[in-house]
> 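Sending over a structure as structure tokens; questions will come in a sec.
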Amino acid sequence: MNRIEKVREHVDAVLLAMKDTAERRCGYLHLYGVSQACALIALKRNENAELAVIAGMLHDIYSYSAMDTKEHAHKGSIMAREILDDMKIFAENEVDMICSAIYNHSSKAVTQSPFDEVLKDADVLQHCLYNPLFDVKAAEKARYEKIKSELGIDHE
Ligand SMILES: [Fe+2]
């Protein structure tokens, strides 16, 4: 089984265990939506798409399993490291890359490593594409405009 599908099995199990069906729906949409956006952005920027997809699937895993968003990026990076280490199919530097992206993903106002930026941009893209008729959050406007123009969507 490829490594993305192995992680997806774990993420599915976490989501299926959620009692609140509305929250579970949000979890599926957001985690897999962000992971697809990670694939798109990583392929466009020639970053590691496999690891980016996995970072996307795991990035809010703490929020959905604990139903608590406080410090979720930092706590999520610890949780993701445990999950990935347990699988024994990732090298240490790969786990470090994924966990760094998760740890930093809430710091949207600053620019960090190119791989970290894939996840931040994918998080914003999923929020904005969920319903393009909704207003874009003020904190996400600049990133969303930058990603759109990077993708060649720059007409008014
Ligand atoms: Fe997110």
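Numbering of ligands and ligand atoms starts at 1, following listing order.
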> Looking only at atom types and distance, does a side-chain atom of Glu117 sit under 3.5 Å from a main-chain N or O of Gln112, one as donor and one as acceptor?
yes

> Report the distance from atom NE2 of His10 to atom CG of Leu84, rounding to the nearest 0.5 Å.
9.0 Å

> Do side-chain atoms of His127 reach the backbone of Asp123 as a donor and acceptor pair under 3.5 angstrom?
yes

> Restricting to under 2.8 Å, identify the protein N, O or S atoms around the Fe ion (ligand 1) as residue plus atom.
His30 NE2, His59 NE2, Asp60 OD2, Asp123 OD1

> Can you see whether Asp116 engages His105 through a side-chain donor-acceptor pair at a distance of less than 3.5 angstrom?
no

> Is the side chain of Ser100 donor-acceptor paired with the backbone N or O of Asp96 at a distance under 3.5 Å, no angle test?
no

> Counting distance only, does the side-chain N/O of Glu94 pair as donor-acceptor with the main-chain N or O of Ala91 below 3.5 Å?
yes

